[in-house]
Amino acid sequence: QVQLQESGPGLVKPSQTLSLTCTVSNDSITTSLYSWIWIRQPPGKGLEWMGSIGSSGSTNYGPSLKSRASISRDTSTNQVILHVSSVTPEDTAIYYCARGRGPSAENGMDFWGKGTLVTEN
């Protein structure tokens with residue numbers, strides 16, 4: 001089965017860059033027909049689709065993040081990386097990586113990581 005696991009610092013200083021890594025097992029981020037997605041859930045709020053990256057390396061981002069979010073990949077380690085610059089308290093959330101059926105939220109997801117809490121402090 002496909003497995004995804006988020007990792008990275010749980011605390012981010014104000015105005016610094018949030019960085020997380022999603023390690024993908026049993027699927028290839030370069031050859032898969034699926035996309036790789038970052039989703040977050042702030043406390044007391046709903047899920048927010050942040051962005052995705054496809055096997056070609058093409059990326060899509062949610063409108064609320066604009067230029068602050070960057071999704072990349074490390075093909076040698078089969079990992080997907082998220083960077084969110086200039087963090088504010090609004091960036092405090094549980095962050096999930098997931099496998100998507102396409103590049104957009106409307107395509108749906110089938111596998112999720114367990115999520116990791118990132119707090120701006």
Side-chain angles (χ1 to χ4, degrees):
Q1 291 276 32
V2 175
Q3 297 181 63
L4 305 94
Q5 183 169 349
E6 305 88 350
S7 62
L11 299 175
V12 183
K13 297 183 182 300
S15 301
Q16 298 297 299
T17 297
L18 181 160
S19 299
L20 294 173
T21 298
C22 175
T23 301
V24 178
S25 300
N26 298 322
D27 199 1
S28 172
I29 63 173
T30 58
T31 63
S32 177
L33 295 177
Y34 294 88
S35 296
W36 308 95
I37 296 167
W38 286 100
I39 305 167
R40 68 181 181 182
Q41 184 172 30
K45 299 182 179 180
L47 296 168
E48 178 185 15
W49 189 89
M50 301 181 68
S52 67
I53 187 168
S55 60
S56 68
S58 298
T59 55
N60 294 277
Y61 298 102
S64 65
L65 292 170
K66 298 180 180 179
S67 62
R68 295 200 300 121
S70 177
I71 298 175
S72 59
R73 61 185 184 173
D74 186 336
T75 58
S76 67
T77 56
N78 210 44
Q79 295 177 313
V80 181
I81 297 97
L82 170 70
H83 293 106
V84 181
S85 64
S86 303
V87 298
T88 72
E90 293 184 349
D91 294 311
T92 294
I94 299 175
Y95 286 76
Y96 302 90
C97 61
R99 191 176 78 165
R101 299 180 186 275
S104 302
E106 65 184 3
N107 298 127
M109 288 74 73
D110 57 359
F111 289 94
W112 294 63
K114 296 184 181 297
T116 186
L117 176 64
V118 179
T119 302
E120 185 263 15
N121 71 337

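Numbers here simply count residues along the sequence, with the first being 1.
- Looking at residues two or more places apart in sequence or on another chain, you find a side chain to side chain contact (heavy atoms under 4.5 Å, CB included) between Thr88 and Glu90, Asp91.
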Output side-chain donor-acceptor pairs under 3.5 Å for residues 12-20, partner residues at least two apart or in another chain, one line each.
| residue | atom | partner | partner atom | Å |
| --- | --- | --- | --- | --- |
| Ser19 | OG | His83 | NE2 | 3.4 |

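- Side-chain atoms of Asp27 do not come within 3.5 Å of backbone N or O of Val2 as any donor-acceptor pair.
- Scanning both residues, Met109 and Ile39, for their nearest heavy atoms gives CE-CD1, 3.5 Å.
- Within the structure, disulfide (SG to SG under 2.5 Å) contacts touching residues 1-118 (residues at least two apart or in different chains) are Cys22-Cys97.
- Between Gly113 and Glu6 the shortest heavy-atom distance is CA-OE2, 3.3 Å.
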List the atom pairs, donor and acceptor, that lie under 3.5 Å between side-chain atoms in residues 42-54 and the rest of the protein, sequence neighbours left out.
| residue | atom | partner | partner atom | Å |
| --- | --- | --- | --- | --- |
| Glu48 | OE1 | Arg40 | NE | 2.7 |
| Glu48 | OE1 | Arg40 | NH2 | 3.2 |
| Glu48 | OE2 | Ser64 | OG | 2.1 |
| Ser52 | OG | Pro103 | O | 2.7 |

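- Between Asp110 and Arg101 the shortest heavy-atom distance is CB-NH2, 3.7 Å.
- Residues passing the side chain to side chain contact (heavy atoms under 4.5 Å, CB included) test with Gln5: none are found, sequence neighbours excluded.
- In this structure Tyr96 satisfies the ring-ring contact (aromatic ring centres under 6.0 Å, His included) test together with Trp112, sequence neighbours excluded.
- Ser104 and Glu106 are not linked by any side-chain donor-acceptor pair at a separation below 3.5 angstrom, with hydrogens and angles left out of the test.
- Counting only heavy atoms from C-beta outward, the side chains of Asp74 and Ile81 approach each other to under 4.5 Å.
- Using a distance-only test at 3.5 Å, with no hydrogens or angles considered, a donor-acceptor pair links the side chain of Arg68 to the main chain of Ser85.
- Side-chain contact, Thr119 with Asn121: no donor N or O sits under 3.5 Å from an acceptor N or O.
- Taking OG from Ser55 and CH2 from Trp36, the interatomic distance works out to 10.0 Å, rounded to the nearest 0.5 Å.
- Cluster membership for Val80 and Val84, using ILVMFWY side-chain heavy atoms within less than 4.5 angstrom, is shared.
- A donor-acceptor pair under 3.5 Å is formed between the side chain of Asn78 and the backbone N or O of Ile29.
- Within the cation-pi definition used here (under 6.0 Å to the ring centroid, within 45° of the axis), Arg99 does not qualify as a partner of Phe111.
- If you take OG1 on Thr92 and CG on Leu117, they are separated by 7.5 Å, rounding to the nearest 0.5 Å.
- Taking all atoms of both residues into account, the shortest heavy-atom contact from Tyr61 to Ile71 is OH-N, 2.9 Å.
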